[in-house]
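The first residue in the sequence is number 1, and the count goes up from there. Keep in mind the model is a prediction, meaning the values are calculated, not measured.
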Amino acid sequence: MSTLSDLVSAQGVQSETDIEWLHRVAADGQLLADLASADIVLWAPTADESHLAVAHARPSGAATLFYRDIVGEKVRPQWQKQVRDAVTRREIVDTSSPEWFEETPTRVRAVPIVRTDGEAPRVIGVLTRHTNLGEVRAPSRQQITFNECADSIFRMIATAEFPDKDAPTGARRGAPRASDGLVRLEVDGTITFASPNALSAFNRLGFAEELEGESLPDVTASLVEASAEVDESLPVVASGRAAWRTDVNARGVTVALRTIPLTDHGERSGAIVLCRDVTELRNQEQEILTKDATIREIHHRVKNNLQTVASLLRIQARRTPSEEAADALGQAMRRVASIAVVHDTLSEGLTQNVDFDVVFERVLRLVAEVAAAPNTLARTRLSGRFGVLPSKYATPLALALTEVVTNAVEHGLKDSDGEVEIVTERSDERLSVRIRDNGIGLQGGKVGRGLGTQIVRTLIQGELGGTIDWTSPESGGTEVIVDIPLRWIAK
């Protein structure tokens with residue numbers, strides 16, 4: 001499905017800042033739909049002076065008018081004049097009488113989406129509210145308040161006062177919705193309305209009285225007075241002075257608050273405070289953070305232990321009198337060190353994926369030690385990118401490539417001057433790595449059967465489900481081709 005940015009950009013009539021503003025308006029489409037008990041559609045202008053639906057939100061507590069997706073459609077003829085009038089007059093335009101839409105009586109409101117951005121006010125889109133009149137019944141006090149809140153936000157959209165440019169973007173997990181709990185504030189922070197769900201949320205925090213008539217800043221202050229941690233933004237949020245989000249913690253309960261200041265031509269007229277009990281969500285987030293920190297610490301400790309083992313092998317290799325044993329210990333040291341590199345990278349982040357280019361760059365430093373051997377002048381050159389790979393495949397691939405590149409330097413270029421080139425090619429389905437050297441080539445034209453070769457075959461074929469081939473090009477040297485199916489890895 002196309003995103004709002006894709007749909008708007010395809011029209012070629014909006015700047016990036018305008019698209020970002022439309023994104024911010026669309027992000028609150030569900031809130032407006034729930035407050036107004038109506039469908040909310042966001043329209044962006046097109047090159048042919050029409051409008052295209054780029055976002056749609058259905059009401060949670062009322063019947064929708066649009067059972068089929070309207071996003072991607074151009075404005076229908078019966079709404080076209082109303083939408084154009086909202087743009088040209090730069091004001092809210094309501095239908096004068098009920099209209100029929102697919103045999104359902106409706107009322108439509110067109111709201112111009114206005115931006116100033118230091119310039120003269122201009123309309124960058126239109127928001128329409130489609131109210132289903134077929135299920136009209138006597139509104140409750142809550143619904144009347146919700147509708148008043150929606151009307152206030154509509155007026156603010158038409159005067160470039162909503163959304164607040166300083167408000168945080170992107171919904172935090174568990175962000176409160178209108179149905180979770182809504183509190184209406186006067187300018188001084190006095191509560192004039194609290195929905196039943198809002199009252200329940202504050203009851204769980206420990207406030208046992210009625211909210212209406214109370215000062216929300218005083219209520220929250222009394223609740224968190226004994227709390228060890230208090231968000232510095234809480235007084236500002238609770239008083240309705242800033243468009244912000246925060247959490248209130250008391251008695252082991254966490255309630256998320258989101259404040260939407262209401263203004264009328266720049267003058268504060270009150271605020272809406274949305275609230276939601278997010279205790280379980282925050283506990284889950286804390287558990288995840290704890291587990292992630294534990295995993296990172298484990299990777300860090302494994303890395304340290306592996307580096308210790310590599311150091312011990314290095315010391316042993318230097319002290320052994322046998323050249324063959326020293327060589328074997330040196331190879332074991334490099335294998336352990338390459339595994340430590342992967343664990344060190346994993347300990348730096350919380351993701352399950354690894355930027356393998358970072359890993360391989362550090363692997364090449366291990367190979368540089370071999371390249372610095374007496375009578376050998378070897379250079380490594382890397383082209384292409386590995387990209388991001390699942391972490392559990394980083395270790396076998398790093399170890400296998402370390403083995404191949406080290407072998408190219410140690411044996412292919414032994415006692416000579418040469419170059420090892422690593423070329424990577426990646427598609428959605430495969431990762432191909434070519435390791436070429438201009439050394440002496442394969443002895444007798446055959447691949448050796450040593451421990452290193454066995455390790456590489458086991459890792460590439462067994463662990464990664466790939467293939468590996470050794471060849472001696474006519475130009476000389478050795479070329480090793482590693483091919484790994486990425487779809488197989490994804491499983």
Side-chain angles (χ1 to χ4, degrees), residues 27-28 30-35 37 59-62 140-150 167-168 170-186 188-262 270-291:
D28 279 313
Q30 189 61 56
L31 171 65
L32 289 170
D34 292 342
L35 291 175
S37 296
S60 300
S140 64
R141 180 167 174 256
Q142 174 172 304
Q143 189 55 61
I144 292 173
T145 303
F146 277 27
N147 287 336
E148 290 173 350
C149 293
R172 184 181 179 185
R173 186 167 179 254
R177 302 157 298 190
S179 58
D180 295 320
L182 182 143
V183 175
R184 179 75 180 268
L185 301 182
E186 292 284 8
D188 61 358
T190 302
I191 301 170
T192 59
F193 172 83
S195 70
N197 285 345
L199 184 58
S200 296
F202 277 87
N203 287 163
R204 287 190 285 272
L205 285 170
F207 187 78
E209 308 297 327
E210 290 294 330
L211 282 172
E212 293 184 15
E214 298 286 343
S215 167
L216 187 59
D218 292 344
V219 169
T220 55
S222 67
L223 292 172
V224 301
E225 186 174 357
S227 177
E229 296 183 5
V230 179
D231 192 326
E232 294 179 356
S233 65
L234 180 57
V236 179
V237 173
S239 63
R241 296 197 302 269
W244 206 252
R245 300 172 186 149
T246 189
D247 287 351
V248 180
N249 300 285
R251 299 174 60 185
V253 175
T254 303
V255 172
L257 301 181
R258 178 198 173 186
T259 294
I260 302 173
L262 301 178
I272 301 169
V273 180
L274 305 176
C275 50
R276 179 183 181 183
D277 185 343
V278 293
T279 306
E280 186 175 348
L281 287 175
R282 295 295 181 261
N283 288 339
Q284 290 175 355
E285 289 173 353
Q286 187 59 46
E287 288 178 6
I288 291 172
L289 288 175
T290 301
K291 289 178 180 177

Can you find a heavy atom in the side chain of L35 that is under 4.5 Å from one in the side chain of L182?
-> yes
L199: partners by side-chain contact (heavy atoms from CB on, under 4.5 Å), with sequence neighbours left out | N203, E210, L211
Would you please name every residue forming a side-chain contact (heavy atoms from CB on, under 4.5 Å) with A27, sequence neighbours left out?
-> none
Can you list the residues that meet the salt bridge (Lys or Arg N to Asp or Glu O under 4.0 Å) rule with E186, with sequence neighbours excluded?
-> none
Which residues pass the side-chain hydrogen bond (donor to acceptor under 3.5 Å, both in side chains) test with Q30, sequence neighbours left out?
-> D34, S60
Which atom of V237 lies closest to which atom of V273, heavy atoms considered | O-CG2, 4.4 Å
Heavy-atom side-chain contact between L185 and I191 under 4.5 Å = yes
Partners passing salt bridge (Lys or Arg N to Asp or Glu O under 4.0 Å) against E209 (at least two apart in sequence or in another chain) = none
So, T192 side chain and R184 main chain: donor-acceptor pair closer than 3.5 Å or not?
-> yes
CG of L257 to CG of D247: how many Å apart, nearest 0.5 Å?
-> 7.5 Å
Indicate the atoms forming the closest heavy-atom contact of P196 with Q142, along with that distance.
-> CD-OE1, 3.2 Å
What are the two closest non-hydrogen atoms of A271 and T259, and how far apart are they?
-> CB-CG2, 4.3 Å
Those residues that, when tested against D28, pass side-chain contact (heavy atoms from CB on, under 4.5 Å) (two or more places apart) | L31, F162, R258
Classify the side-chain pair N197/S195 by whether it contains a donor and acceptor separated by less than 3.5 Å.
-> no
Taken in chain and number order and not counting sequence neighbours, the residues that satisfy side-chain hydrogen bond (donor to acceptor under 3.5 Å, both in side chains) with T190 are D188
For the atom pair CG (L32) and OG (S37), what is the distance rounded to the nearest 0.5 Å?
-> 11.5 Å
For the residue pair P217 and A238, what are the closest heavy atoms and their distance?
-> CD-O, 3.7 Å
T220 side, atom OG1; E214 side, atom CD - distance, nearest 0.5 Å | 11.5 Å
Who are the side-chain hydrogen bond (donor to acceptor under 3.5 Å, both in side chains) partners of N147, not counting sequence neighbours?
-> Q143
Heavy-atom closest pair, residues C275 and V255 | CB-CG1, 3.9 Å
Just jot down the side-chain hydrogen bond (donor to acceptor under 3.5 Å, both in side chains) partners of T145, sequence neighbours excluded, or say none.
-> none
Non-neighbouring partners of R177 that pass salt bridge (Lys or Arg N to Asp or Glu O under 4.0 Å), sequence neighbours left out = D180
Heavy-atom check, side chain of F202 versus side chain of L223, under 4.5 Å = yes
Please check if the side chain of T279 supplies one atom and the backbone of V253 the other of a donor-acceptor pair under 3.5 Å.
-> no
What's the shortest heavy-atom distance between R141 and F193, and which atoms?
-> NH1-CD1, 3.6 Å
Sub-4.5 Å side-chain heavy-atom contact between L281 and R276 | yes
Residues two or more places apart in sequence or in another chain: which of them pass side-chain contact (heavy atoms from CB on, under 4.5 Å) with R251?
-> none
